[in-house]
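Every number for a ligand or one of its atoms is a count from 1 in the order of the listing. The structure presented is a predicted model; accordingly, all values stated were derived computationally and were not measured.
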Amino acid sequence: MLKGTAASDGIGIGRILLLEETTLEYTPHAVDDPNAEVERFRRAIDQLVADTVRDAAALRETAGEKEALIMEGHISLINDPALKGETENLILGGQCAEAAYETMCDMFIGIFSSMEDEMMRQRAADVRDIKAGLLRILLGVKEVKVSDAPKGTVLLTKELTPSVTAGIKKGNIVGIITETGGKTSHSAILARALEIPAVLSVANATGTLKNGQPVIVDGSAGIVIPEPSFDVLNEYAEKRDKFLREKAELEKFRGMKTKGADGAEYELVCNIGKADDANKVVEFDGEGVGLFRTEFLFMDRSSVPTEEEQFAAYQKAALVLKGKPLIIRTLDIGGDKEIPYMGLEKEENPFMGFRAIRYCLKNRELFRIQLRAILRASAFGDIKIMFPLITCVEELREGKAMVEDIKRELALLGIPFNRNIDVGIMVETAAAAAIADVLAKEAAFFSIGTNDLTGYTMACDRGNGNVAYLYSALQPAVLRMIERTIRCGREAGIPVGMCGEAAANEKLIPLLISFGLTEFSVSAPSVLRVRKCISKWTKAEADRVAAKAMSLSTEAEVASYLATVV
Ligand code: PEP
Ligand code: MG
């Protein structure tokens, strides 16, 4: 068995087709007529653009618009004036087109590969792809055609390039194995768009596996099993059929409202970390965003994002969501979320220390810039503001007062924003749950953060293996915190959502329905599954289950009882 990165869900069973890299060898030589060589280079570029346009059209058919855009991104790279212009300069200096282009591409590959940003590193793979494409044309080498692969083929290649992917016929290719590429690489994106199980970054796969060999690709677990025994084959065939059945079943929930079995409606929204993730929300049929973790905008860089950068990100998410709700949580740093350049002091107890709203209220300029960016973006969608880690009402009041100040300032400057913007809070500390009745009078909404609420209620750090057994949202203590928060919100007439992981926990869903939760915020790929789970419950049935679960004394009892009802 070989291990790799689980990059596209599902199980593929078939025979390996090894896509060997065609050797694109040539002898660099000086040219006698540089002008004619430049002409040869330009003709090859025109040919490559035409081939890429054709491949993009093929991808649009098989994979979709977004994937075709990846391919079309190649066209602008091919036409990049610096890459083309500098290559021509080298040719005019006497080099052959092959050597000149390779030199320039390798330079770009080197630059992109050394960048920190994953997206930019991805550009290196794109340049490698176009370099191979152009050399192939110049050298007259025919490309291996994946489109001719028979049914039941598992593609094995060092790197899955978009141009190879363009040739994939969905019915024929049942699995993909590569030696490179992570979860966010183009290979992974394309495999997911084509719904083909894929395991990437399998070390030395092209050396270990053989052409024509029978193989199982488990794209959910990230494993590859060559030469499976009869029993293993049967086991995986069953797994594959179950996966496909469940997938087809879930698809029935696409485009539907989120409703209980009694017709009661709920909001089913998503958690995101970047503006771009708003596209995933749309793709996975989420009804908006219940948590935008803005700290990710501050990570992987060396300085605080400016107001303009933040505004652009919030505005982008709002525009993609086209009027669907977008809850933006203000900066939640500290604890396990470190941002080195912000110079947070090392603390004995970082989870209980100077973090999140506490840090923002003491670093007012930083907070002001973020609130201004959010308020300005509120002119472009249904944006709400949410404060993290609230423990007492003063924090909410202080934060709201700052929002009011900035509103006045923007109004004076004539900058548009939503004057009635809602300001709500995360209920993720035991303190906030305990005074939920008080907070509900001044917050426009609650969103329960069970990831932290579980830790703070159980006084346990989930990263600490010795106490991890206490870390469960099904602990009677945590359930009481959740029930109380929702009840207090309901009594005050404000909506209560949940954006912690527990919102997608099938066992907990009947309890949340019974308590009166109105909004579930989950990861985008969980949307259809959660919509299906919710659809099974009437309020009356959920009440019966909740009454029983809340009468039990231990987490184990609650968990095993709920396992019998879902
Ligand atoms: C939570 O604590 O449940 C939550 C959603 O916030 P985060 O996971 O970002 O701490
Ligand atoms: Mg939290």
Side-chain angles (χ1 to χ4, degrees), residues 267-274 277 281 286 288-300 317 325-339 344 349-360 370 384-391 395-396 399 424-433 436 439 443 445-463 468 470-475 477-479 481-486 489 495-505 508-509 511-512 515 517 519-524 526-527 530:
E267 229 181 298
L268 179 52
V269 288
C270 299
N271 298 344
I272 65 171
K274 296 192 302 295
D277 294 346
V281 176
V289 166
L291 168 63
F292 183 162
R293 290 183 164 102
T294 58
E295 49 279 8
F296 286 99
L297 295 177
F298 290 66
M299 291 176 183
D300 287 335
L326 167 59
I327 299 182
I328 301 183
R329 179 176 74 184
T330 58
L331 185 61
D332 182 20
I333 44 158
D336 56 347
K337 297 169 189 159
E338 282 185 43
I339 301 179
L344 264 70
N349 276 309
F351 278 93
M352 307 225 170
F354 189 44
R355 56 171 295 202
I357 189 75
R358 303 168 181 182
Y359 181 90
C360 287
Q370 180 169 42
K384 304 178 207 303
I385 298 174
M386 176 158 78
F387 298 142
L389 206 81
I390 293 288
T391 52
E395 290 165 340
L396 170 58
I425 62 165
M426 301 263 317
V427 176
E428 55 181 341
T429 63
L439 290 166
F445 62 89
F446 286 161
S447 185
I448 305 175
T450 47
N451 305 345
D452 278 319
L453 184 60
T454 304
Y456 289 128
T457 301
M458 298 305 296
C460 92
D461 170 359
R462 73 180 122 154
L470 292 168
Y471 186 87
S472 163
L474 298 180
Q475 284 281 359
V478 182
L479 292 179
M481 292 294 193
I482 295 173
E483 188 279 332
R484 176 178 168 71
T485 304
I486 300 174
V496 182
M498 178 177 283
C499 58
E501 293 298 309
N505 181 339
L508 203 61
I509 285 173
L511 273 60
L512 300 178
F515 298 159
L517 197 81
E519 176 229 59
F520 295 74
S521 192
V522 302
S523 69
S526 304
V527 165
V530 171

Open item on the list: Side chain or backbone, does E295 bring an N or O within less than 3.5 Å of an N or O on ligand 1?
Closed with: no
Task: For D452, the ligand 1 atoms whose distance to one of its heavy atoms is below 4.0 Å - done: 1 (C), 2 (O), 3 (O), 10 (O)
Open item on the list: If we ignore hydrogens and angles and just use 3.5 Å, is the side chain of Q475 paired with the main-chain N or O of Y471 as donor and acceptor?
Closed with: no
Task: Pairwise side-chain contact, F292 with I327, heavy-atom cut-off 4.5 Å (strictly under) - done: no
Open item on the list: Do T294 and Q370 have side chains that approach each other closer than 4.5 Å (heavy atoms only, starting at C-beta)?
Closed with: yes
TODO: Without swapping roles, check the side chain of S521 against the backbone of M498 for a donor-acceptor pair under 3.5 Å.
DONE: no
Open item on the list: side-chain contact (heavy atoms from CB on, under 4.5 Å) for I448 and I486? Distances and angles first, verdict last.
Closed with: CA-CA 9 Å; I448 305 175; I486 300 174; 3.7 Å; yes
- [ ] State the atoms of ligand 1, each with its element, that fall below the 4.0 Å cut-off from a heavy-atom position in K337.
- [x] 7 (P), 9 (O), 10 (O)
TODO: Could you list the atoms of ligand 1 found under 4.0 angstrom from a heavy atom of R293?
DONE: 4 (C), 5 (C), 6 (O), 7 (P), 8 (O), 9 (O)
Task: Per-atom contacts, ligand 1 versus C499 - under 4.0 Å to a heavy atom - done: 5 (C)
- [ ] Find all atoms of ligand 1 within a distance of less than 4.0 Å from any non-hydrogen atom belonging to E428, and give their numbers and elements.
- [x] 1 (C), 2 (O), 6 (O)
Open item on the list: Closer than 4.0 Å to some heavy atom of L291 - which atoms of ligand 1 meet that?
Closed with: 5 (C)
Task: Of the N, O or S atoms in D452, the one nearest the Mg ion (ligand 2) - done: OD2
TODO: State if E501 counts as touching ligand 1 under the rule of any non-hydrogen atom under 4.0 Å.
DONE: no
Task: Pairwise distance CD1(I390) to CZ(R358) - rounded to 0.5 angstrom - done: 9.5 Å
Open item on the list: Do I425 and M386 make a side-chain contact, defined as non-hydrogen atoms from C-beta onward lying under 4.5 Å apart?
Closed with: no
Task: atom 6 (O) of ligand 1: nearest protein contact (heavy atom, Å) - done: R329 NH1, 3.0 Å
Open item on the list: Between K337 and D332 (salt bridge meaning N to carboxylate O under 4.0 Å), is one present in this structure?
Closed with: yes
Task: Minimum-distance N/O/S atom that E428 presents toward the Mg ion (ligand 2) - done: OE1
